[in-house]
Amino acid sequence: MAKHALRSSGGHMWRSLACAKSELRLELTLACGQSFRWRESGEGHWTGVLGGRVWTLTQTDDTLWYHVYKNREGQTCGPAGTSSPGVKTSETRTKGAVKEVDELVAVASVKDAEEEEEMLRDYFQLNVKLEELYADWRAADPHFKHIADIFTGVRMLRQDPTECLFSFICTSNNHISRIQGMVDRLCLALGAPLCQLDQTSYHDFPALAALADSSVEARLRDLGFGYRARFLQQSAKQILDTHGLQWLKGLRSVPYLQARDALRTLPGVGNKVADCVCLMSLDKAEAVPVDTHVWQIAKRDYKYATGNRQKSITDKLHRDIGDFFRKLWGPFAGWTQSVLFCADLKKFQKLKEMPRLVQPKKEEEDEEETRIACKKKKIKTEENGTVKRAKTKPAGHKKANLSVKNERVV
DNA sequence: GCACGACCTTA
DNA sequence: AAGGTCGTG
């Protein structure tokens with residue numbers, strides 16, 4: 001039976017990409033709740049599905065290593081139709097055709113290799129220079145600076161919009177470990193099988209058509225999705241019925257607020273989920289998903305609206321907190337937020353206890369600097385919801401209005 | 001604009 | 001309660 005690749009044990013073909021850890025740290029980026037599709041299959045080795053192929057990734061100081069699982073024919077390990085064209089299976093081969101087929105295999109694998117390197121660069125958005133962004137954020141925000149020494153290399157993934165949307169519909173009122181299990185079961189139940197490694201089956205994320213089928217709600221309720229089962233099926237159906245297959249991806253070339261409002265017309269998609277999809281799959285780096293957690297961070301670390309006793313996060317609070325962080329961090333505020341979010345996750349707290357070269361700063365000093373930084377940028381942190389900022393616009397309504405240009409200036 | 005409760009499960 | 005959303009008042 002096929003096994004998960006391990007770089008140390010040989011027997012698998014590995015390719016590599018130059019990439020410093022300051023630009024990417026797999027163990028943070030793949031496990032901080034952006035994607036629910038990656039598992040640590042061996043020490044420092046991460047296995048998951050990306051673009052219909054099964055990958056294992058690992059890294060050394062300056063190199064990102066990757067293996068893509070193939071069968072003996074050189075085909076991508078997956079269902080018929082997703083592999084390189086022109087490659088015959090062994091059953092259909094005749095002796096005379098072997099050489100020709102081998103050449104086709106060789107050509108196909110070179111093409112695959114180029115394609116796969118590009119897939120990885122695209123997925124990790126390696127054209128974005130994270131170190132430079134960190135430098136900007138450190139200069140703008142003392143609290144970020146405090147976190148940034150430990151949590152380097154936390155980078156935004158550029159995910160498939162369908163996978164991102166339907167995964168995040170599952171996140172409401174939920175926690176990461178359960179979400180991971182649910183997304184797993186979703187793929188197993190409705191996604192095309194790709195391959196099996198050790199005891200694990202890998203499936204592609206379900207297609208929109210598979211999610212839209214009327215049998216899906218009952219099926220997913222049985223699998224423990226609760227009330228989200230209906231949201232998933234209805235959203236898929238609504239997209240196919242009223243927009244079409246390419247609609248979601250098309251939102252990549254539309255301004256942030258327009259894309260967000262369009263997503264919010266879908267059942268089970270409110271401010272938070274829409275912002276996640278915008279940030280993580282639709283190229284909206286300025287989208288700041290505000291959940292209870294981020295609100296805690298805003299109050300605790302930025303003294304934002306400390307007097308506010310609101311129980312739930314209203315539309316207005318979403319807007320105001322988003323604006324606050326965009327003003328502090330700039331046009332990649334969503335990326336910054338993910339670093340702080342990651343640093344706040346329970347599973348990464350042990351990293352903070354490890355000895356560091358830099359002497360940790362006293363907390364009061366840190367807070368005072370935060371206050372000064374906010375004051376410099378003229379950002380209010382202690383308003384209690386009654387103070388309005390000049391550029392705040394009225395709440396977006398539920399219906400997407402593609403003709404209105406209400407893109408916010410950041 | 002804001003508060004509240006319901007919604008499915010599991011820890 | 002958990003990385004919310006939706007309907008109602």
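Below, read A as the first sequence line, B as the second, and so on, with proteins coming before strands; counting in each chain starts at 1. Because only heavy atoms are used, hydrogens play no part in the values below, and waters and symmetry mates are left out as well, while side chains stay in.
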*Asks:* The side chain of A/Tyr227 lies closest to which of these nucleotides: B/dC8, C/dG3, B/dC2?
*Replies:*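 Ranking B/dC8, C/dG3, B/dC2 by closest atom to the A/Tyr227 side chain puts B/dC8 first.
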*Asks:* Which nucleotide wins on minimum distance to the side chain of A/Cys276, given the candidates C/dG4, C/dG3, B/dC2?
*Replies:*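 The closest nucleotide is C/dG3.
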*Asks:* Ignoring hydrogens and geometry beyond distance, is a side-chain donor-acceptor pair present between A/Asn271 and A/Arg260 at under 3.5 Å?
*Replies:*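 A/Asn271 vs A/Arg260: donor-acceptor pair found between side chains.
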*Asks:* Ignoring hydrogens and geometry, is there a side-chain-to-backbone donor-acceptor pair from A/Thr171 to A/Ser167 under 3.5 Å?
*Replies:*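 Side chain of A/Thr171 to backbone of A/Ser167, a donor-acceptor pair under 3.5 Å: no, none is there.
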*Asks:* For the side chain of A/Lys311, counting heavy atoms from C-beta on, which of B/dG1, B/dC4, B/dC8 is nearest?
*Replies:*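 Ranking B/dG1, B/dC4, B/dC8 by closest atom to the A/Lys311 side chain puts B/dC4 first.
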*Asks:* Provide, to the nearest angstrom, the distance between the CZ atom belonging to A/Phe225 and the P atom belonging to B/dT10.
*Replies:*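 So the two atoms are 12 Å apart, to the nearest Å.
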*Asks:* Residues in side chain to side chain donor-acceptor pair (under 3.5 Å) with A/Trp55, at least two apart?
*Replies:* none
*Asks:* For C/dA1 versus B/dC4, give the span between their P atoms, rounded off to a whole number of Å.
*Replies:*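 Straight-line distance between the two P atoms is 16 Å.
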*Asks:* Establish, with yes or no, whether the OP1 or OP2 oxygen of C/dG3 is under 4.0 angstrom from a side-chain nitrogen or oxygen of A/Thr292.
*Replies:* no
*Asks:* Identify, with sequence neighbours excluded, every residue that meets salt bridge (charged side-chain N to carboxylate O under 4.0 Å, His left out) alongside A/Glu131.
*Replies:*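 Scan of A/Glu131 (salt bridge (charged side-chain N to carboxylate O under 4.0 Å, His left out), adjacent residues dropped) gives none.
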*Asks:* Take A/Asn174 and A/Leu317, find for each the nucleotide of DNA chain B with the closest heavy atom, and name the residue whose nucleotide sits nearer the 5' end.
*Replies:* A/Leu317
*Asks:* Who does B/dC8 pair with, Watson-Crick or G-U, both distances under 3.5 Å?
*Replies:*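 The base-pairing partner of B/dC8, which may sit in any strand shown, does not exist here.
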*Asks:* Looking at the side chain of A/Gln310, which of B/dA3, C/dG3, C/dC6 is the nearest nucleotide?
*Replies:*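 So the side chain of A/Gln310 is nearest to B/dA3.
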*Asks:* Given C/dG4, B/dC8, B/dG1, which nucleotide is nearest the side-chain atoms of A/Arg319?
*Replies:* B/dG1
*Asks:* Of the options B/dA3, C/dG3, B/dC8, whose atoms approach the side-chain atoms of A/Thr314 most closely?
*Replies:* B/dA3
*Asks:* Could you check which of B/dC2, B/dA11, C/dT5 has an atom nearest any side-chain atom of A/Lys316?
*Replies:*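 Selected nucleotide (nearest to the side chain): B/dC2.
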*Asks:* Using only modelled atom types and a 3.5 angstrom limit, is any donor from either the side chain of A/Arg178 or the base of B/dT9 paired with an acceptor on the other?
*Replies:* yes
*Asks:* Nearest to the side chain of A/Arg221, heavy atoms from C-beta on, is which of B/dC8, C/dG3, C/dG4?
*Replies:* B/dC8
*Asks:* Work out how far the P atom of C/dG3 is from that of B/dA6, and round it to whole angstrom.
*Replies:* 22 Å
*Asks:* Sticking with atom C1', work out how far C/dT8 lies from B/dG1, rounded to a whole angstrom.
*Replies:* 14 Å
*Asks:* Could you walk me through whether A/Arg138 and A/Asp149 pass the salt bridge (Lys or Arg N to Asp or Glu O under 4.0 Å) test, one step at a time?
*Replies:* CA-CA 10 Å; A/Arg138 284 166 180 274; A/Asp149 295 331; 3.1 Å; yes
*Asks:* Among C/dA2, B/dT9, B/dC2, find the nucleotide with the atom closest to the side chain of A/Asn173.
*Replies:*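 The answer is C/dA2, which lies nearest to the side chain.
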*Asks:* Check the orientation of A/Tyr69 and A/His67. Use parallel for under 30°, tilted for 30 to 60°, and perpendicular for over 60°.
*Replies:*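 Correct class here is perpendicular.
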*Asks:* Mind checking if A/Cys170 touches a base, just sugar-phosphate, or nothing, with heavy atoms under 4.0 Å?
*Replies:* nothing
*Asks:* Give each protein N/O atom lying under 3.5 Å from an N/O atom of nucleotides 7-9 of chain C, with the pair distance.
*Replies:*
none

*Asks:* Please confirm whether the backbone N or O of A/Ala343 pairs with a side-chain atom of A/Gln349, one donor and one acceptor, at under 3.5 Å?
*Replies:*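 Such a contact is found between A/Gln349 side chain and A/Ala343 backbone.
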